[in-house]
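Heads up: numbering here begins at 1 and tracks the sequence.
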Amino acid sequence: MRAFIIALFSVVFFSAQQKTYCNPINIDYGYTPIPNFATQGKHRATADPVIVNFKGKYFLFSTNQWGYWWSEDMLNWNFISRKFLKPENEFPNREAGKVDHKLDVNHQVYDELCAPAVFEMNDELYVIGSTHGPNFAIWKSKNPTKDEWEIAVDNFKVGAWDPAFLYDKDLKKLFLYWGSSNEFPLLGTEINTQTLQSEGYVKPLMSLHPDDHGWERFGEYNDNTFLKPFMEGAWVTKHNNKYYLQYGAPGTEFSGYADGVYVSNNPLEGFSYQKHNPFSYKPGGFARGAGHGATYQDNFGQYWHVSTMVISQKNNFERRIGIWPAGFDQDDVMYSNTAYGDYPTYLPYKNADHIKGLFTGWMLLNYNKPVKVSSTLGSFQPNFAVDEDIKTYWSAKTGGANEYIQTDLGERSLVKAIQINFADQDAEFLGKTLGKSHQYKIYASDDEKNWKLVVDKSNNTKDVPHDYIEIEKPFTARYLKIQNIKMPTGKFAISGLRVFGNGSGEKPQKVENFVVLRNPKEKAGERRSSWLKWKQNNLADGYVIYFGKSPDKMYGSIMVYGKNDYYFTGMDAADTYYFQIEAFNNNGISEKTEIAKVE
């Protein structure tokens, strides 16, 4: 009994002390700086993220943000405003010193640090963006928590798009990897650590094989057979004297955008496809996509993977950033755990088990539940705010303080966290804006008559496009109402009003009649796809499908809402697969089914 009490106290203490986050991460994303990308509406956008743990702090760089972020806890991020491109890099066809740093004569705002490379070497942090050719500088800093940078090399002669560096501390050598193409392979070369210039041959390392790997096929559903897929976003991690060459495919605009990995004992040759691929994959749920990223370690030595998430509505390159627990298993297989990856997740802590995942168990309480709003702009209907699709959103007619949205949880529930994902409707900005903020209040009620203020952000000074509030003292309520006070720009619009916690009802029972259909090996035909089917569970909001090539390595996951089948197009043609499924709702998660094997 005493042991049970101690164990229970430990769980309660851990839950009380351990903080959480929720994808997409809540940073002050800049707006696309390129007018041609904003013809269907100005909007926030970034992608191609890199996080480097430098001197115990996390530094986040990504495309076209006119600066970068740093954090001590992976939750609260501090933005450092900074331009890294020299004037002649901003507009190569114009003379240095004669450049408008906002717009050129054709009204094109420049790419600033697109798909950046960041690495640590000899206690200094280095950074460079994608380059069209020579004359681009590599910068370095001993204290990047401030805008304290100096040029490490003024003219980096290797023209590298989507670059990534690995400084091998064991070999004391520096390697460069790059490439972004639907035709050419990823490339690698050694870089002299003193001159920061190429020191050897450029070597082709790998190419895509969509005829064998279904997940590498182009298209939203990996079903486009007439366009070649893109390979990009190289990143290399060294683990147990092996080199893990990571790459993104098949296209950044697709929900199935994923990262795969090749492995070698040599940094520049001999790479072979890891059997368990893609290792970072999130085609379902509210926010989808987990490609073109980087892998890093937290302050406890655990691995994480940061990657690009997809919106791609106002433009193909409308994207966000997600962070996933990752690692290497006992057989040195690289994995990234994206199950419930856009639900509340624990931040790093000592002895965390990333294979089991860091999902808190806090369920979504208001999926497709009734909504009331102050007004509706055109076809941006209220229930788009609770349909678990970041591509759709509700918009009020104005951005004024009279606008509100109210969500019904269906029953009195214990509320533990709230995520508000603001949409960009009639935004006015191009590029990075500073000094902007969201201001609002959240009220809770049991009867829609008596309301209690539970979150007050009326004096908030931060730009929080994906605001996530972990409730310090969880409360029970049936209704929540968000009263707008001020938007940074545009209308009061929300793509996801998401309330997390625990309902008071029954969780779903184990899924029944789960079957997987695939073309047999002995027959000619398509083997990169399979059809998964199961009996509809009346209590389920959705399902999570787990898959892998070994029953003890089912690291892949797919979240499905409101359906009882799924057409999976991401398989490798020659391999046996294993599948399981579980159902979930606002009250909890069912037991998993038995493992289904398909050869």
(message) According to ring-ring contact (aromatic ring centres under 6.0 Å, His included), who are the partners of Tyr58, at least two apart in sequence or on a separate chain?
(response) none
(request) Look at the aromatic rings of Tyr303 and Phe328 and report parallel, tilted or perpendicular, splitting at 30° and 60°. (result) perpendicular
(request) Apply ring pair (Phe, Tyr, Trp, His ring centres under 6.0 Å) to the pair Tyr393 and Phe380, showing each step before the final yes or no. (result) CA-CA 6 Å; Tyr393 59 89; Phe380 300 104; 4.8 Å; yes
(message) Taking the six-membered ring of Trp66 as reference, does the cationic atom of Lys83 (NZ for Lys, CZ for Arg) lie under 6.0 Å from its centre and within 45° of its axis?
(response) yes
(request) Could you point out which residue of Ile323, Asp259, Thr338 forms a side-chain contact (heavy atoms from CB on, under 4.5 Å) with His305? (result) Asp259
(request) Look at the aromatic rings of Tyr177 and Phe175 and report parallel, tilted or perpendicular, splitting at 30° and 60°. (result) tilted
(message) Tell me whether the count of non-hydrogen atoms from other residues, nucleotides or ligands lying under 6.0 Å of NZ in Lys391 goes above 12.
(response) yes
(request) Answer yes or no: does atom NZ of Lys432 have more than 12 heavy-atom neighbours from other residues, nucleotides or ligands under 6.0 Å? (result) yes
(message) Let's go through Asp154 and Lys86 carefully: what are the C-alpha distance in whole Å and the side-chain angles of both, what is the deciding distance for salt bridge (charged side-chain N to carboxylate O under 4.0 Å, His left out) to 0.1 Å, and is it a yes or a no?
(response) CA-CA 10 Å; Asp154 188 66; Lys86 298 181 295 182; 3.4 Å; yes
(message) Heavy-atom count check: over 12 atoms from other residues, nucleotides or ligands less than 6.0 Å from Lys173 NZ?
(response) no
(message) Using side-chain heavy atoms (C-beta onward) and a distance below 4.5 Å, is Gln65 in contact with Pro49?
(response) no
(request) Decide, yes or no, whether a salt bridge links Lys42 with Asp426 under the criterion of side-chain N to carboxylate O below 4.0 Å. (result) no
(message) So which atom in Met231 and which in Met206 form the shortest heavy-atom distance, rounded to 0.1 Å?
(response) SD-CE, 3.2 Å
(message) Looking at Asn240 and Asp332, would you say the former's side chain and the latter's main chain have a donor-acceptor pair under 3.5 Å?
(response) no
(request) Could you tell me whether Lys55 atom NZ has more than 12 heavy atoms of other residues or ligands within 6.0 Å of it? (result) yes
(message) Please determine whether salt bridge (charged side-chain N to carboxylate O under 4.0 Å, His left out) holds for the pair Asp73 and Lys19, giving the CA-CA distance in whole Å, both sets of side-chain angles, and the decisive distance to 0.1 Å.
(response) CA-CA 9 Å; Asp73 56 9; Lys19 297 296 183 182; over 6 Å; no
(request) Taking only Lys NZ, Arg NE, NH1 and NH2, and the carboxylate oxygens of Asp or Glu, determine whether Asp342 and Arg288 approach each other closer than 4.0 Å. (result) no
(request) Report yes or no: is the cationic atom of Arg82 (NZ for Lys, CZ for Arg) closer than 6.0 Å to the six-membered ring centre of Phe84, at no more than 45° off its axis? (result) yes
(request) Look at the rings of Phe359 and Tyr343 and say which category their plane angle falls in: under 30° parallel, 30 to 60° tilted, over 60° perpendicular. (result) perpendicular
(request) Apply the ring-ring contact (aromatic ring centres under 6.0 Å, His included) test between Phe79 and each candidate in Phe61, Tyr29, Trp69; give the one that qualifies. (result) Trp69
(request) For the residue pair Phe59 and Tyr68, categorise the inter-ring angle as parallel (less than 30°), tilted (30 to 60°) or perpendicular (more than 60°). (result) tilted
(request) Mark yes when over 12 heavy atoms from residues, nucleotides or ligands other than Asn266 sit less than 6.0 Å from its CG; otherwise mark no. (result) yes
(message) Applying the ring-ring contact (aromatic ring centres under 6.0 Å, His included) criterion to His354, which one of Trp304, Trp324, Tyr335, Phe300 satisfies it?
(response) Trp304
(message) Just to verify, what does Pro229 make a side chain to side chain contact (heavy atoms under 4.5 Å, CB included) with, not counting sequence neighbours?
(response) Leu208, Pro210, Phe218, Pro250
